[in-house]
Amino acid sequence: MEPVTLATDRLVLRTVGPQDTDAVYAAVQDPDIQRWTTIPSPYLPEHARAFTEQMVPEGWADASVCTFGVFLPGGELAGMLALTMRSLGTTEIGYWAAKEHRGHGYLTEATVAAGRWAFTHLSVDRVEWRAEVGNHASRAVAERAGFTIEGTLRSALNNKGVRRDCWVGSLLPSDLGLPSTAPYLPGRA
């Protein structure tokens, strides 16, 4: 699959490449990003190069991971967002925000745009979100973007060799006023 670019009122979501390596490296030096995500820690320049020059292009090429840099109109990196295909019709979203760009709603806006794109262009009927229990900032973004928090999965996330509990939530096409590609019959108690 060829990378795509998405635009919102305030953001440009586009793939990252070698020209963005330094910005990715600088942003990920933030201890909160290293703490709450599964990226390597310490995060070295070679990690950023491998990410922008190998991992991101390969993910787009085989449609396994669609990674978007979240950029302000002037070109400044505000965050990162990825959609990872998990199973037929299901993708998992992950994201982080650069420290200086938190609290402006950028990730919520980017998450809604990426979810809408996944539903309309990837034949996805479920976007899942997971975050380690305690990552309240990530949970707030998911909830503001319309995700339903479904519960806690015990020992379901491995972060730097340690098994951790995680919250899980979902976004369905109907949450954004879109039709599903397959019929959906909710369970009844």
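All values below come from the heavy atoms of this structure, side chains included, with hydrogens, waters and symmetry mates left out.
Counted within 6.0 Å of CZ on R163, heavy atoms from surrounding residues, nucleotides or ligands total more than 12; the atom is thus considered enclosed. Sparse packing is recorded around CD of E2, with 12 or fewer heavy atoms of other residues, nucleotides or ligands lying under 6.0 Å away. Other residues, nucleotides and ligands contribute at most 12 non-hydrogen atoms within 6.0 Å of the NZ atom of K99. More than 12 heavy-atom neighbours from other residues, nucleotides or ligands sit within 6.0 angstrom of CE on M85.
The CG atom of L77 sits 8.5 Å away from atom CD of E100, with the distance rounded to the nearest 0.5 Å. The CZ atom of R144 lies 12.5 Å from the CZ atom of R139; values are rounded to the nearest 0.5 Å. In this structure, L6 CG and C66 SG are separated by 9.5 Å, a value rounded to the nearest 0.5 Å. Note: S180 OG to R126 CZ = 12.0 Å, rounded to the nearest 0.5 Å. Here OG of S155 is found 11.0 Å from CZ of R164. Values are rounded to the nearest 0.5 Å. Summarising the geometry, atom OG belonging to S138 is positioned 9.5 Å from atom CH2 belonging to W36; distances are rounded to the nearest 0.5 Å.
Residue S41 comes nearest to K160 through the heavy atom pair CB-CE, 3.5 Å, listed as atom of the first residue, atom of the second, then distance. In terms of heavy-atom proximity, T8 sits nearest to A113 at CG2-CB, 3.6 Å. For the pair V70 and L11, the tightest heavy-atom approach, listed with the atom from each and the gap, is CG1-CD1, 3.9 Å. For the residue pair D9 and E109, the shortest heavy atom distance occurs at N-OE2, 3.6 Å. When all heavy atoms of T91 and A118 are compared, the closest pair comes out as CG2-CB, 4.4 Å. Between R86 and E92 the shortest heavy-atom distance is NE-OE1, 2.9 Å.
Both W60 and F51 are part of a single hydrophobic cluster, where members link through side-chain heavy atoms under 4.5 Å apart. Linking ILVMFWY residues whenever their side-chain heavy atoms come closer than 4.5 Å, directly or via other members, places V133 and I33 in the same cluster. One hydrophobic cluster, built from ILVMFWY side chains closer than 4.5 Å, cannot hold both Y184 and L122; they sit in different ones. Neither V141 nor V168 shares a network with the other; the hydrophobic side chains, linked directly or stepwise wherever heavy atoms of I, L, V, M, F, W or Y lie under 4.5 Å apart, form separate groups for each. L157 and F147 end up in different hydrophobic clusters when Ile, Leu, Val, Met, Phe, Trp and Tyr side chains are linked at under 4.5 Å.
Counting heavy atoms from C-beta outward, I93 and L81 have side chains that approach closer than 4.5 Å. A 4.5 Å side-chain heavy-atom check between Y95 and F68 finds every atom pair outside the cut-off. With a 4.5 Å cut-off on side-chain heavy atoms, W96 and L107 do not count as touching. When side chains are defined from C-beta on, L178 counts as touching R116, because their heavy atoms get closer than 4.5 Å. Between V56 and T15 the shortest side-chain heavy-atom distance falls below 4.5 Å. Side-chain contact between L72 and H101 is present, with heavy atoms from C-beta onward closer than 4.5 Å. Contact annotation: the side chain of D32 approaches that of R102 to within less than 4.5 Å [non-hydrogen atoms, C-beta and beyond]. Residues R35 and E132 have side chains in contact (heavy-atom distance under 4.5 Å, counting atoms from C-beta outward).
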Can you check side chain to side chain contact (heavy atoms under 4.5 Å, CB included) on T90 and D125, steps first, answer last? CA-CA 6 Å; T90 302; D125 282 317; over 6 Å; no
For a side chain to side chain contact (heavy atoms under 4.5 Å, CB included) check, start with the C-alpha distance between D20 and M80, then their side-chain angles and the critical distance, and finish with the verdict. CA-CA 11 Å; D20 304 304; M80 195 69 57; over 6 Å; no
What's the verdict on side chain to side chain donor-acceptor pair (under 3.5 Å) for T21 and T52, showing C-alpha distance, side-chain angles and the deciding distance? CA-CA 6 Å; T21 301; T52 60; 2.5 Å; yes
Steps toward side chain to side chain contact (heavy atoms under 4.5 Å, CB included) verdict (R49, Q54): CA-CA 8 Å; R49 273 193 304 280; Q54 182 181 358; over 6 Å; no
Please assess V127 against F119 for the test side chain to side chain contact (heavy atoms under 4.5 Å, CB included), listing each intermediate value before the final yes or no. CA-CA 8 Å; V127 177; F119 293 138; 3.7 Å; yes
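Between the Q29 side chain and the Y25 main chain, a donor and an acceptor come within less than 3.5 Å of each other. Panel note: side chain D30, backbone A27; no donor-acceptor pair is recorded below 3.5 Å.
Between the side chains of S170 and T148, no donor N or O sits under 3.5 Å from an acceptor N or O.
In this structure, R14 forms a cation-pi arrangement with F71, its terminal cationic atom sitting closer than 6.0 Å to the ring centre and no more than 45° off the ring axis.
The aromatic rings of W129 and W167 lie parallel to each other, their planes meeting at an angle below 30°, with 60° marking the opposite boundary. Using cut-offs of 30° and 60° for the angle between ring planes, the Y43 and H47 rings count as tilted.
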